J.: 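Sharing a structure here in structure tokens format.
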2 protein chains.
Amino acid sequence: MATIRELARLCGVSPATVSRVFNSPEVVNPKTRELVLRAAERIGYLPNESARTLATKRSFMVGLVWDTDHRRPGWRHPFFQDILIGLKTALSGRGYHLLMLATNDGGRPDAHLRAVRRHNLDGVVLIDNGTWDPPLRTLAESGVPCVSLDRPVEGPRTTYVTSDNVGGAAAAVRHLHERGRRTIATIAGPERTRPGAERLQGYRAEMARRGLPYRPEHVVQGDFYLAGGYAAMRRLLEAEERPDAVFAAGDEMAIGALHAIAEAGLKVPQDIAVVGFDDIEPAALVPPGLTTVAQDTAGFGTAAAEAVVTMIDGGDPPPPRVLPTTLVVRGSTGGPLRGER
Amino acid sequence: MATIRELARLCGVSPATVSRVFNSPEVVNPKTRELVLRAAERIGYLPNESARTLATKRSFMVGLVWDTDHRRPGWRHPFFQDILIGLKTALSGRGYHLLMLATNDGGRPDAHLRAVRRHNLDGVVLIDNGTWDPPLRTLAESGVPCVSLDRPVEGPRTTYVTSDNVGGAAAAVRHLHERGRRTIATIAGPERTRPGAERLQGYRAEMARRGLPYRPEHVVQGDFYLAGGYAAMRRLLEAEERPDAVFAAGDEMAIGALHAIAEAGLKVPQDIAVVGFDDIEPAALVPPGLTTVAQDTAGFGTAAAEAVVTMIDGGDPPPPRVLPTTLVVRGSTGGPLRGER
DNA sequence: CTGAAAGCGCTTACAG
DNA sequence: CTGAAAGCGCTTACAG
């Protein structure tokens with residue numbers, strides 16, 4: 001591994017000049033610059049990032065805090081993989097790498113912050129893990145640039161990106177209503193989760209807007225999982241007035257509902273139309289195809305990268321970013337009409 | 001941010017001693033050690049990893065090469081997320097962080113290796129992306145500890161971990177045969193992919209072992225995706241002798257087959273039993289539940305971490321690790337019998 | 001068991 | 001436009 005000193009000697013210049021060739025090329029004589037660049041290529045010179053970080057206090061690395069601890073080993077964000085692709089791509093386009101933070105610093109309340117400091121991380125992206133424990137809070141309040149996904153954060157240099165849950169839920173209700181459904185029930189997510197609360201809010205708002213009556217017996221709580229959706233649907237089927245449509249605040253719950261409906265000998269969409277939320281992979285694979293509200297998964301990563309880099313570059317925290325959702329119409333509401341997606 | 005020098009002065013010892021407290025504690029006087037540790041905690045001293053890496057040439061970081069380039073933005077390993085969890089957990093248990101490598105170093109053939117050198121990465125994990133391009137080859141041949149997932153590698157300090165595809169496919173055939181099926185077709189994956197070839201091999205071996213005739217018309221090529229499975233199943237349904245069972249080398253293909261079967265007015269499992277491979281999320285969600293061969297997803301990550309750390313520690317490359325698979329019986333083959341999983 | 005010293009490979013005012 | 005020098009914060013033979 002050649003060093004800057006060897007490269008400098010080879011070119012008959014000082015290490016300082018070589019350094020400038022890589023860091024502020026515009027300041028060095030074009031001829032010298034070319035000379036150095038060519039020699040660097042020839043001997044395979046590569047700047048040592050540790051030395052650079054030590055000297056500059058910048059690592060060009062962004063930390064990713066994605067909590068999968070012992071208590072919740074199976075926890076998964078519905079489209080973690082897409083977010084990660086978007087994040088990685090956008091970040092590397094801006095010259096940053098992504099460091100996955102291990103979260104086992106003895107369970108200390110400042111675990112994440114310690115990792116950030118040790119490695120001189122320039123910023124951090126947090127993927128919502130449903131809780132908001134001290135390590136996250138400590139990090140957010142530390143002044144390290146910090147962008148959170150799917151949940152608000154408070155701190156001097158923080159912001160977040162989320163989906164338009166309210167609008168997405170409203171679009172689901174609108175779609176059902178436009179397809180002629182009049183008794184639209186909902187299987188809600190847990191109210192303490194932000195998406196759960198917001199999607200319920202969107203449902204209620206749109207129902208009201210369209211003059212559809214709000215019936216408490218048509219609002220059932222689920223847990224975002226299959227079994228919860230199934231159980232909730234069974235309760236809906238026992239309601240005094242059977243709904244002719246259901247908006248489930250998550251695809252797994254929607255698929256659970258599909259099972260309950262089939263079990264009751266009813267047909268989707270003829271007897272009951274169903275709309276989910278998230279557009280997870282199974283949505284397209286489950287018969288008759290689940291109409292659902294898709295989030296802009298890659299956009300999450302890109303938006304997060306943009307926001308964190310803005311703050312790293314000294315900019316003010318950008319306002320929270322709310323990404324638009326898209327209704328994907330499939331068989332569970334009768335399939336796309338001409339011209340529809 | 002306190003430095004080792006300040007901490008040393010505070011304790012009335014030399015920086016060398018403080019360094020030893022953190023790096024070879026057994027060599028320093030217990031009293032001094034305690035003193036330093038306590039003071040470190042009090043002033044919040046954190047060793048600077050860049051400085052440490054610069055001095056030692058070890059970063060305690062492992063690179064993750066997971067290619068999602070422009071040509072294949074949507075490419076996904078079936079259980080990327082599980083692998084990542086296992087990898088991260090196992091690695092951080094051993095004191096390593098995971099650096100996601102950006103792969104845009106101008107498309108150079110040594111792109112990955114350059115990143116490894118710049119960052120002094122101690123080792124690398126490669127997730128198979130279906131191709132084996134120069135950047136991967138260059139890396140594997142460089143002498144950097146390197147473990148690959150789901151595909152063999154050649155290089156001085158390399159090894160790989162994979163699933164028992166042959167055994168898993170054989171188990172699928174055995175299961176179908178034991179459930180009374182006699183005409184067992186297969187929807188194979190592309191032969192050029194390793195899992196594709198191995199699963200086909202397992203199918204043929206087990207068919208032969210059980211004295212079941214090999215019929216070319218019952219071996220149809222798929223592409224691991226839904227549409228391919230659907231098309232393949234349609235061809236199987238037109239075969240002279242209609243199969244009473246199908247082993248699909250991937251779950252998406254199996255689900256595609258389910259659709260084709262339903263469309264033909266046939267019942268699963270009554271008319272045709274179906275087994276898939278991978279146990280992706282939809283397998284459990286698609287009616288009537290897809291029997292499938294599950295891989296040890298978390299084990300992948302753990303095994304990879306073990307292997308790479310072994311090599312980092314100077315050990316010889318461990319032999320390739322072949323992880324056992326598990327048959328998960330669901331409705332598409334009649335569901336579990338008593339005592340079965 | 002401990003310290004002084006040199007070194008890891010870069011960057012960046014400062015001076016010219 | 002360029003160089004000499006100091007400094008970033010650690011580690012590690014070497015000597016005691």
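These numbers were taken from a predicted model, which means no experiment stands behind them. In what follows, every heavy atom counts, from backbone to side chain, and hydrogens, waters and symmetry copies are set aside. Note on naming: letters A, B, ... go to the chains in the order of the sequence lines (proteins, then strands), and numbering restarts at 1 for each one.
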J.: By the side chain to side chain donor-acceptor pair (under 3.5 Å) test, which pairs, at least two apart or in different chains, include something from residues 21-32 of chain A?
T.: A:Ser19-A:Asn23, A:Asn23-A:Arg52

J.: Using a 3.5 Å distance criterion without hydrogens, assess whether the side chain of B:Ser142 forms a donor-acceptor pair with backbone atoms of B:Val144.
T.: yes

J.: Kindly say whether A:Pro318 contributes a backbone atom to a donor-acceptor pair with the side chain of A:Thr159 at under 3.5 angstrom?
T.: yes

J.: Please check: side-chain N/O of B:Arg157 versus main-chain N/O of B:Met311, any donor-acceptor pairing under 3.5 Å?
T.: yes

J.: Does the side chain of A:Lys31 get closer than 4.0 angstrom to OP1 or OP2 of D:dC1 through an N or O atom?
T.: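 No, because none of the side-chain N or O atoms of A:Lys31 sits under 4.0 Å from OP1 or OP2 of D:dC1.
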
J.: Distance check needed: D:dC10 P versus B:Ile4 CD1, whole Å only.
T.: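 The distance from CD1 of B:Ile4 to P of D:dC10 comes to 5 Å, rounded to the nearest Å.
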
J.: On DNA chain C, compare the nucleotides closest to B:Thr56 and B:Pro30; which residue's is nearer the 5' end?
T.: B:Pro30

J.: Give the rounded distance in Å between these two atoms: CD of B:Glu34 and C1' of C:dC1.
T.: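 Taking CD of B:Glu34 and C1' of C:dC1, I get 16 Å after rounding.
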
J.: Once rounded to the nearest 0.5 Å, what's the spacing between atom CG of A:Leu136 and atom CG of A:Leu113?
T.: 11.5 Å

J.: Starting at atom CE of A:Met1, determine the distance to atom C1' of C:dC8, rounded to an integer number of angstrom.
T.: 13 Å

J.: Under 4.0 Å from OP1 or OP2 of D:dG9: is there any side-chain N or O of A:Lys57 that close?
T.: yes

J.: For B:Arg321, is there an ion pair with B:Glu306 - N to carboxylate O distance below 4.0 angstrom?
T.: yes

J.: For atom C1', what is the distance between C:dT12 and C:dG16, given to the nearest Å?
T.: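 Looking at atom C1' only, C:dT12 and C:dG16 are 16 Å apart.
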
J.: Can you measure A:Arg117 atom CZ to D:dC10 atom C1' for me and round it to whole angstrom units?
T.: 19 Å

J.: Determine: side-chain N/O of A:Thr32 to OP1/OP2 of D:dT2, distance under 4.0 Å, yes or no.
T.: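 So the side-chain polar atoms of A:Thr32 do come within 4.0 Å of the phosphate oxygens OP1 or OP2 of D:dT2, strictly under.
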
J.: Which nucleotide, C:dC8, C:dT2, D:dC1, lies nearest any side-chain atom of B:Val28?
T.: C:dT2

J.: Once you round it to whole Å, what is the distance between P of C:dG9 and OH of A:Tyr45?
T.: 10 Å

J.: Among residues 5-24 of chain B, which ones have heavy-atom contacts with DNA chain D below 4.0 Å?
T.: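 By residue number: B:Ala16, B:Ser19, B:Arg20, B:Asn23.
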
J.: If we take the P atom in both C:dC1 and C:dA5, what is their distance in whole Å?
T.: 24 Å

J.: Tell me: CG of B:Leu54 to C1' of D:dT12, nearest whole Å?
T.: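 Answer to the nearest Å: 13 Å.
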
J.: Does any nucleotide pair with C:dG3 by Watson-Crick or G-U wobble geometry, both distances under 3.5 Å, and what is it?
T.: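 C:dG3 is paired with D:dC14.
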
J.: What is the separation between atom CZ on A:Arg58 and atom C1' on D:dC8, rounded to the nearest whole Å?
T.: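 The distance from CZ of A:Arg58 to C1' of D:dC8 comes to 16 Å, rounded to the nearest Å.
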
J.: In whole angstrom, give the distance that lies between atom CG of B:Asn29 and atom P of C:dT2.
T.: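 Checked: the CG to P distance equals 5 Å.
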
J.: Can you tell me if B:Asp122 uses its side chain to pair, donor with acceptor, with the backbone of B:Ile312 under 3.5 Å?
T.: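 No, B:Asp122 side chain to B:Ile312 backbone: no donor-acceptor pair under 3.5 Å.
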
